[in-house]
Amino acid sequence: MRKGMNLLLAFMLTCSLTLSACGGSGGKAEPEPAGTDGDPGNIKLRIVKRGYTDVHPPADQLWMWQKYEEMSGIEVEFEELAGSAVTERKNVMLGSNDLPDAFYRIAFGTDELMKYGKQGLFVPLEDLIEQHAPNLNKLLKDNPDIRGAITMSDGHIYALPYVDFSKAFNSVRLYIHKGWLDEAGLEVPKTTEEFRQALMKVREKDSSRLGWVLESQYWTFLESFLAGSFGMGEGGAKAFGQYLYKDADGQVKTTFNDPKYKELLRYMSDLYKDGSLAQQNFTTGYDYAKWSTDGSNNLIGSFVWEGPGYIGKDAAENYVGIHALEGPNGDKVAGVLGPPAKGIFGFVITNKNKYPVETIKWIDYFYGEEGINFATFGLEGETYELVDGKPKYKDEILNYKGGVQLGAFQYVDNVYGAYYPYVEPDDDLRMAARGTTVADEIKADPAELDELAPKELWPDFVPTDDEANQTSAILTDINKYMEEMRVKFVTGKASLDTDWDNYVKTLDKMGAQRYLEIKRAQYERYTNVK
């Protein structure tokens, strides 16, 4: 134990990193891994976690977990589940009551957290956080929106969040081929009309060029991006994902039957008529292999994604990112920006755990500055060196054959796959470790997001059991009908002028107004969480 504490003290003295952008990340609260109140004895925890043993060492052999065992004095027996087995295995464990002490980064929906919390299988964490987790306690006090996101409708917290305060890496952008713009003598579009005209102009020169490829399961990315140009961006990405936004008068409204959504669909229909939306994506569907090949062959004009690398490393250099376009009524909001609480299922403690206090201390370390840095960068001299006061991964990581991210993943756990129970480091530190910058990574100016961000960034609202049953039934009908009608509206098989009113009436019959009532109630609960 003495050796473990010496390692921890040495790390705290040598680590000079700062997290200026992680306000509320618990940076000033001292980490308190288990054992700082005294030797915890022979504590051994069984933790089930999502595994990636195909691309990095098993947890018991990973540098980070071996080092943290020395630092904390707590031994952890990890059971790692491959992605394809997660749902089945966790259901078997819960059904048979063969539970681990904790679940680490195993996906649970709010309905599951509520169900197993009420059954007593998951331990309420709010009192443990207040009494034994100073980093988490500070994070939640400084950021009531995060507390609201992880508090269930019964008032309890059953799982810990994955938090990212970054705007640049918590949003998607519109990417457009800069070379084509230069060739046509065009500036980067600032408005929806300029974007439309640009796509038309570059295709006039070469009709084989695709203005937009509309990926099937992701095709709503374009719709989500445009929401901020048509007055429906307030509330952010997860609001729009729930068919919600807040209007200028402060009212929560649904998008799918709103006149603003009608105009958004009209704009998309215009793009379709222009030939700027790839026609085959409304018929044959999305084929990533063909899409990336088209990108490599310089045929793709524009797409929406987190970063340009999705189109391929080499082709990505051709694109420039746009955070938001100004719409026909002057609206310009980066509505595809997500809330800091990106995930709410990072860590769950079960009723089988004999050491809940030590366990919450063990995980709380990763919500404080030292733990955040340790879980992302490792230790100075072992996994990184300080260059101009910032971490830079060692050459073995930077030059790893699978890329720097997978290189770091050979040592630390919280750099691949996301939804870990911790707070992401400051953007500049993350990029400095990889030898790049935020602007280079996203091909856009990250500072613009401060001005373009919605005033409120909502999480997925937490329902009661009754609300969940009602909205599930309502959305079963609405989702199917919407999918059918928006394709018809965009492709011209239905008229926005003559068929829209009947579309709205049909949604009302399916329960659209009741859905809005429920969502407004959930919003009120969220804003009133203390």
Side-chain angles (χ1 to χ4, degrees), residues 1-12 15 25-27 29-51 58-80 99-106 122-140 150 157-163 343 345-376 378-379 412-414 419-423:
M1 181 62 188
R2 182 180 297 275
K3 177 182 177 184
M5 289 309 299
N6 286 341
L7 279 167
L8 176 58
L9 291 172
F11 171 64
M12 291 170 64
C15 181
S25 69
E30 293 297 321
E32 190 182 357
T36 51
D37 290 339
D39 193 328
N42 297 318
I43 291 179
K44 183 175 183 178
L45 299 176
R46 178 188 167 216
I47 297 180
V48 170
K49 72 185 294 287
R50 168 74 163 85
D60 62 354
Q61 299 175 28
L62 193 69
W63 177 91
M64 168 182 156
W65 294 120
Q66 291 181 334
K67 188 71 66 173
Y68 192 49
E69 183 175 322
E70 296 177 10
M71 293 162 60
S72 67
I74 290 179
E75 181 183 355
V76 176
E77 175 189 341
F78 286 107
E79 179 181 347
E80 297 186 271
L99 297 175
D101 294 301
F103 289 100
Y104 182 100
R105 200 190 163 276
I106 295 294
F122 294 169
V123 174
L125 302 177
E126 59 274 6
D127 290 342
L128 287 169
I129 291 171
E130 185 172 355
Q131 297 171 26
H132 304 289
N135 295 316
L136 265 164
N137 198 35
K138 184 177 189 305
L139 174 71
L140 300 184
I150 64 174
I157 295 171
Y158 296 110
L160 303 182
Y162 165 55
V163 177
F345 53 78
F347 195 76
V348 173
I349 296 177
T350 77
N351 65 356
K352 296 293 184 181
N353 194 313
K354 298 179 180 178
Y355 310 101
V357 170
E358 290 81 1
T359 303
I360 201 73
K361 291 180 180 180
W362 181 88
I363 198 64
D364 182 60
Y365 176 58
F366 297 106
Y367 288 93
E369 184 174 328
E370 279 77 13
I372 291 167
N373 293 332
F374 170 67
T376 307
L379 294 177
V412 293
D413 212 351
N414 295 16
Y419 297 100
Y420 295 92
Y422 93 135
V423 181

Taking side chain to side chain donor-acceptor pair (under 3.5 Å) as the definition, give me every residue that meets it alongside [X], ordered by chain and number, with sequence neighbours left out.
{"X": "Asn414", "result": "Tyr104"}
{"X": "Glu77", "result": "none"}
{"X": "Asn353", "result": "Thr359"}

Sub-3.5 Å donor-acceptor pair from the side chain of [X] to the main-chain atoms of [Y], do we have one?
{"X": "Asn351", "Y": "Phe122", "result": "no"}
{"X": "Glu80", "Y": "Ala59", "result": "yes"}
{"X": "Thr350", "Y": "Pro100", "result": "yes"}

Which residues pass the ring pair (Phe, Tyr, Trp, His ring centres under 6.0 Å) test with Tyr158, not counting sequence neighbours?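 Once residues adjacent in sequence are excluded, the partners of Tyr158 under the ring pair (Phe, Tyr, Trp, His ring centres under 6.0 Å) criterion are His156.
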Residues which pass ring pair (Phe, Tyr, Trp, His ring centres under 6.0 Å) with Tyr420, listed by chain and number, not counting sequence neighbours: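 Per chain and number, Tyr420 pairs via ring pair (Phe, Tyr, Trp, His ring centres under 6.0 Å) with no residue.
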Taking every non-hydrogen atom, the tightest pair across [X] and [Y]:
{"X": "Lys354", "Y": "Asp101", "answer": "N-OD1, 4.3 Å"}
{"X": "Pro161", "Y": "Ile150", "answer": "CB-CG2, 3.8 Å"}
{"X": "Phe366", "Y": "Pro421", "answer": "CB-O, 3.8 Å"}
{"X": "Ile372", "Y": "Tyr422", "answer": "O-CE1, 3.9 Å"}
{"X": "Glu126", "Y": "Ile157", "answer": "OE1-N, 2.9 Å"}
{"X": "Tyr367", "Y": "Val423", "answer": "CD2-CG2, 3.8 Å"}

Among Leu139, Ile129, Leu140, Val348, whose side-chain contact (heavy atoms from CB on, under 4.5 Å) with Leu160 holds?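 So the option named by the test is Ile129.
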CA sep, side-chain torsions, deciding dist, call: Asp413, Trp65, side-chain hydrogen bond (donor to acceptor under 3.5 Å, both in side chains): CA-CA 8 Å; Asp413 212 351; Trp65 294 120; 2.8 Å; yes
With Phe345 via side-chain contact (heavy atoms from CB on, under 4.5 Å) - residues at least two apart: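 Here the qualifying residues are Ala107, Phe108, Tyr419.
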Side chains of [X] and [Y]: does their closest heavy-atom pair fall under 4.5 Å?
{"X": "Arg105", "Y": "Arg50", "result": "yes"}
{"X": "Lys67", "Y": "Phe374", "result": "yes"}
{"X": "Ile349", "Y": "Ile360", "result": "yes"}

How many angstroms lie between atom [atom1] of [X] and atom [atom2] of [Y], to the nearest 0.5 angstrom?
{"X": "Ile47", "Y": "Trp362", "atom1": "CD1", "atom2": "CH2", "result": "4.0 Å"}
{"X": "Lys361", "Y": "Asn135", "atom1": "NZ", "atom2": "CG", "result": "12.5 Å"}
{"X": "Glu69", "Y": "Met64", "atom1": "CD", "atom2": "CE", "result": "13.0 Å"}
{"X": "Asp60", "Y": "Glu79", "atom1": "CG", "atom2": "CD", "result": "12.5 Å"}
{"X": "Glu75", "Y": "Arg46", "atom1": "CD", "atom2": "CZ", "result": "14.0 Å"}
{"X": "His132", "Y": "Leu125", "atom1": "NE2", "atom2": "CG", "result": "12.0 Å"}

How are the rings of Tyr68 and Tyr365 set to each other: parallel, tilted or perpendicular (split at 30° and 60°)? parallel
